[in-house]
Every structure is written in structure tokens, then in C-alpha cells.
Amino acid sequence: MLARLSKKLPPLKGAASFWQVLSIALVVIGVTLGIFSAVRTGSILVAAGGALYAYVSYTTSETKRTIELLIPIGVTLLLFVVSLTLPHAK
């Protein structure tokens with residue numbers, strides 16, 4: 001479904017692709033949910049958006065250094081684990 005949606009959308013000016021915009025939207029929605037008491041869901045969305053943005057940035061980069069992918073993915077995985085272990089998160 002997302003592949004069909006990304007083909008129907010007009011291309012954005014600049015370097016932002018559909019997947020980068022989607023990842024930024026996930027982060028913004030996650031932060032908004034975190035502010036309004038849905039901390040666990042918000043941090044899961046922030047982790048997913050951050051991982052997606054890191055992956056898209058890595059795949060579109062001309063120089064492929066593995067560390068530029070591993071560190072952001074590792075940080076987002078740790079955020080995901082922390083969000084699952086939050087006590088009484090609403």
C-alpha cells in the first residue's frame with residue numbers, strides 16, 4: 001500500500017523522499033503522543049521513525065560507512081527496549 005502511495009505522490013523538491021517524510025512524521029507523532037501521556041506508544045514511534053530515517057539516509061548516501069548505520073539503529077533499538085520496559089507507562 002505504501003509503495004502505491006509513494007508512486008502517486010508528486011516528487012518533493014530537494015533531497016527529501018517519501019520515506020524521509022514518513023519517518024519525520026512518525027517522530028513528530030511520537031513526540032506529540034509522548035507529550036500527551038502515551039509515553040510508550042510515543043517512544044516506539046520515535047524509535048521506528050529514527051530507524052527508518054537512518055536507513056533511508058544510509059541507502060541514499062554516496063559514501064557507505066557501516067558505522068553511520070549501526071550507531072543510529074543501535075540507539076533506536078535501545079529506545080525501543082526502554083519503551084517496552086517502562087513501568088506503568090500510559
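Closest non-hydrogen pair, Leu52 versus Trp19, comes out as CD2-O, 3.8 Å. Taking every heavy atom of both residues into account, Ser23 and Gly49 meet most closely at CB-O, 3.3 Å.
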Would you be so kind as to tabulate the donor-acceptor pairs closer than 3.5 Å made by side chains of residues 27-35, with sequence neighbours excluded?
from	atom 1	to	atom 2	distance (Å)
Thr32	OG1	Val28	O	2.8

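Every pair passing side-chain hydrogen bond (donor to acceptor under 3.5 Å, both in side chains) that includes a residue from residues 47-66 is listed here, sequence neighbours excluded: Arg65-Glu68.
Formation of a donor-acceptor pair under 3.5 Å by the Thr76 side chain with backbone atoms of Ile73 is found in this model.
Linking ILVMFWY side-chain heavy atoms closer than 4.5 Å, directly or via other members, places Leu69 and Val56 in two distinct hydrophobic clusters.
Residue Val81 is found outside any hydrophobic cluster, as its side-chain heavy atoms come under 4.5 Å of no other Ile, Leu, Val, Met, Phe, Trp or Tyr.
Every side-chain contact (heavy atoms from CB on, under 4.5 Å) that Leu79 has, sequence neighbours left out, goes to Ser43, Val46, Ala47.
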